[in-house]
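Please read the structure below before turning to the comments.
In this chain, numbering begins with 1 at the start of the sequence shown. Here the structure is a predicted model, which is why all the values come from computation and not from measurement.
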Amino acid sequence: MPTTAQDSGGAPAWAALRQLLDLLAHGAPQEHFSRPAAQAEAAEVSGAEAAAIAEATEVALRIRRTLSQHRRREAELAALFDTAGDLAGLRDLDAVLRAITHRAKLLLGTDVTYLSLNDDEAGDTYMRVTDGCVSAAFQRVRLGMGEGLGGLVAESARPYTTGDYREDPRFKHTTAIDGAVAEEGLHAILGVPLRLGTRVIGVLYAADRSARTFGPDEVALLSSLADHAAIAIDGARLMDETRTALVDLNRASRTIEAHSRAVHRAEEAHDALTDLVLRGGDVTDVATAIGTILRGGTLIHDAEGGELARAGADPRPPSAQAVAASRTGGRAVPVDGTWVCAVTAGHELLGSLALTGRPDLGEADRRLFERAGVVTALLLLLSRSVAETEDRIRGELLGDLLNRAADPGALSARARRLKVNLSHPHSVFVLHAAAVPRTRLLAAAARTAQTRRGLAGPHHDHVVLVLRSATPSACAARLAEELGQAVAAPVTVAAAGPAGGPQHVADVHAEALRCLAALRALGRDGAGAALADLGFVGVLLGDRTDLGGYVRQTLGPVLDYDARRGTDLVHTLQVYFASGMSQTRTREALHVHINTVVQRLDRIARLLGRDWQRPDRALELQLALRIARVAPTAGSAPGRGGG
């Protein structure tokens, strides 16, 4: 500081210097620093004082510029520090980007700041955040790579600035961009790239609505803010990816946990079902276990649709279409609220498994149900194997019985191992079904034999059953009905017996064969009967002729009536047939009134049935009457008396 003014005692010069210091202290505008020199000049200071004041004014302005730069740098550093703090507590990416653009607007003193991000899929860049914009079109504008100032910055990864964009020929102008810039009223624009390493992800802009020049410091400041914005965007991306990965990881963890529980449950269920099968459980046990595990009703059918077992469900036939779909697709299928699973062994259909009451069966339970189908297939194969073995053994024993191929004692011992006691009365039944394959009839007969602890098997052209029964006629009628339902076709059952031990089974079988021939010759296909049911034909074909039994079977009701009432309807019947079934000649032969003859014949009709005069019945009656006359022990001897 020059001392000449103080030495000369120049008060105006000293006042000017003090005023300059006050202006610096208060941060006055630049134009205020010219006032002390003007006031000193008005006070007519000396030339030396005026020079000293001018020199002091220049120094004060330099100091002011230095202080302004420091203050601006301090503000920039504070803004960058605040931005770094925002990044450290990043929660909302849009909020951080808005804060960055707003700070850029304040620090650079521009009218507008905005930020665009690149769209790699679309190959352009779009507005993400704006501050100070008033045009909706400007906020929605998209810039192709290389188009406009922003597109050039995004493509080249270098800052660009222009004092008046609309008049600047360096940029590729488009109607959309120029229209949006004009609508916003922008002239001066500065754009700097947002970089992640060597990759540009967007552009940060500062713009004014009047022409101006952006200095290097402003470019550097906006670039620093752009770097922070890029870090914020990348950090948000990483956080989103982390959150997404955590969500996916949690979802995967829950899926794995659920799958693990499902697998564990499926393994336990499979082990329980398999153990049940290996311990000798039947299809009913398996059906019950499946229903308990899956909390529903269960039905098991064979390949022909016959019900094998049912637990907790109403009887219903299997859906052939659903079974076929399951067999083709290899998975259980839903139909009308019921799940159906084909039970297969390789390419062979063994049957079907149905689950009711679970229309909302989930994937885990669906697979469990399908695994139950595998266990059911195992059970059916085991059952079939056991049944086939047992049927073969029963068939071999039956063949030896019919062919007298072994000692009766040995045959009885073999039968006992099959739980068949031949010491009890057993009858023989020969089966015939013209409309059914013999294998199917044999399968039905085998099931009957297993149920009733008998023997079944093929013998020559027929299927033969040996069952414990002392009443072959009644048993044959029941078998004809049961087997007919089982094979869905008429089954003729010829019976004979009972046999008096294993050594007589072959003879009884021969009689059953003759009965079958008689049934078919008489047109009684689908019926079940023994020779005793065939009248005099049975008497003629039978080995053990029972004349008394035939007479009793044919005339029994009339004989019993005569014995109880002391009448002689049998004699009236003999005279009636001898008179050619003429009531008049019968009256003459008996010497009674015609009404008496009518009454007696009416009584006979009530005892024998209204069809007693049918030719075949009449023939049977006449034969029985003749046997009764020639063999008095075959029936009651005719007496004399009234009817």
Looking at every heavy atom in both [X] and [Y], which two are closest together, and how far apart are they?
{"X": "Phe429", "Y": "Pro472", "answer": "CE2-O, 3.6 Å"}
{"X": "Cys515", "Y": "Ala530", "answer": "SG-C, 3.6 Å"}
{"X": "His459", "Y": "Arg438", "answer": "N-NH1, 4.5 Å"}

Partners passing ring pair (Phe, Tyr, Trp, His ring centres under 6.0 Å) against His426 (at least two apart in sequence or in another chain):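 Per chain and number, His426 pairs via ring pair (Phe, Tyr, Trp, His ring centres under 6.0 Å) with no residue.
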
Which atom pairs, one a donor and one an acceptor, fall under 3.5 Å between side chains of residues 339-353 and the rest of the protein, sequence neighbours left out?
unit_1	atom_1	unit_2	atom_2	d
Trp339	NE1	Arg358	O	3.0
Glu348	OE1	Arg384	NH2	3.3
Glu348	OE2	Arg384	NH1	2.5

Please report, to 0.1 Å, the donor-acceptor pairs under 3.5 Å made by any side chain of residues 307-322, with sequence neighbours excluded.
unit_1	atom_1	unit_2	atom_2	d
Glu307	OE1	Arg310	NE	3.4
Glu307	OE2	Arg310	NE	3.1
Arg310	NH1	Ala313	O	3.2
Arg316	NH1	Thr338	OG1	2.9
Ser319	OG	Ala322	N	3.2

Please tabulate, one pair per line, all N/O donor-acceptor pairs under 3.5 Å involving side-chain atoms of residues 478-504, not counting sequence neighbours.
unit_1	atom_1	unit_2	atom_2	d
Glu482	OE1	Arg452	NH2	2.7
Glu482	OE2	Arg452	NH2	3.0
Thr492	OG1	Gly526	N	2.7

Qualifying side chain to side chain donor-acceptor pair (under 3.5 Å) pairs, either residue in residues 467-476, two or more places apart: His424-Arg468, Ser473-Asp533

Residue pairs involving residues 292-301 (criterion side chain to side chain donor-acceptor pair (under 3.5 Å); sequence neighbours excluded):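 Residue pairs passing side chain to side chain donor-acceptor pair (under 3.5 Å), neighbours aside: none found.
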
Are any side-chain N or O atoms of [X] and backbone N or O atoms of [Y], one a donor and one an acceptor, separated by less than 3.5 Å?
{"X": "Thr101", "Y": "Arg98", "value": "yes"}
{"X": "Asn250", "Y": "Leu246", "value": "yes"}
{"X": "Asp285", "Y": "Asp282", "value": "yes"}
{"X": "Asn118", "Y": "Val200", "value": "yes"}

Applying side chain to side chain donor-acceptor pair (under 3.5 Å), name anything that partners [X], two or more places apart in sequence or on another chain.
{"X": "Arg251", "answer": "Asp248"}
{"X": "Tyr205", "answer": "Ser116"}
{"X": "Arg414", "answer": "Asp400"}

Distance (rounded to the nearest 0.5 Å) between Ile100 CD1 and Asp227 CG: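 Here the rounded value is 10.0 Å.
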
Residue pair Glu147 / Glu155, side-chain heavy-atom distance below 4.5 Å: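 A side-chain contact is absent here, since even the closest heavy-atom pair is not under 4.5 Å.
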
Flag side-chain contact, heavy atom, 4.5 Å: Leu379 against Val375: no

Any pair counted as salt bridge (Lys or Arg N to Asp or Glu O under 4.0 Å), so long as it reaches residues 483-494, sequence neighbours left out: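 Residue pairs passing salt bridge (Lys or Arg N to Asp or Glu O under 4.0 Å), neighbours aside: none found.
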
Pairs touching residues 322-333 that satisfy salt bridge (Lys or Arg N to Asp or Glu O under 4.0 Å), sequence neighbours left out: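 Listed once each, the pairs are Arg331-Glu363, Arg331-Glu370.
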
Just distance, no hydrogens or angles: give the donor-acceptor pairs under 3.5 Å from side chains in residues 136-144, sequence neighbours left out.
unit_1	atom_1	unit_2	atom_2	d
Arg142	NE	Asp124	OD2	2.9
Arg142	NH2	Asp119	OD2	3.1
Arg142	NH2	Asp124	OD1	3.0

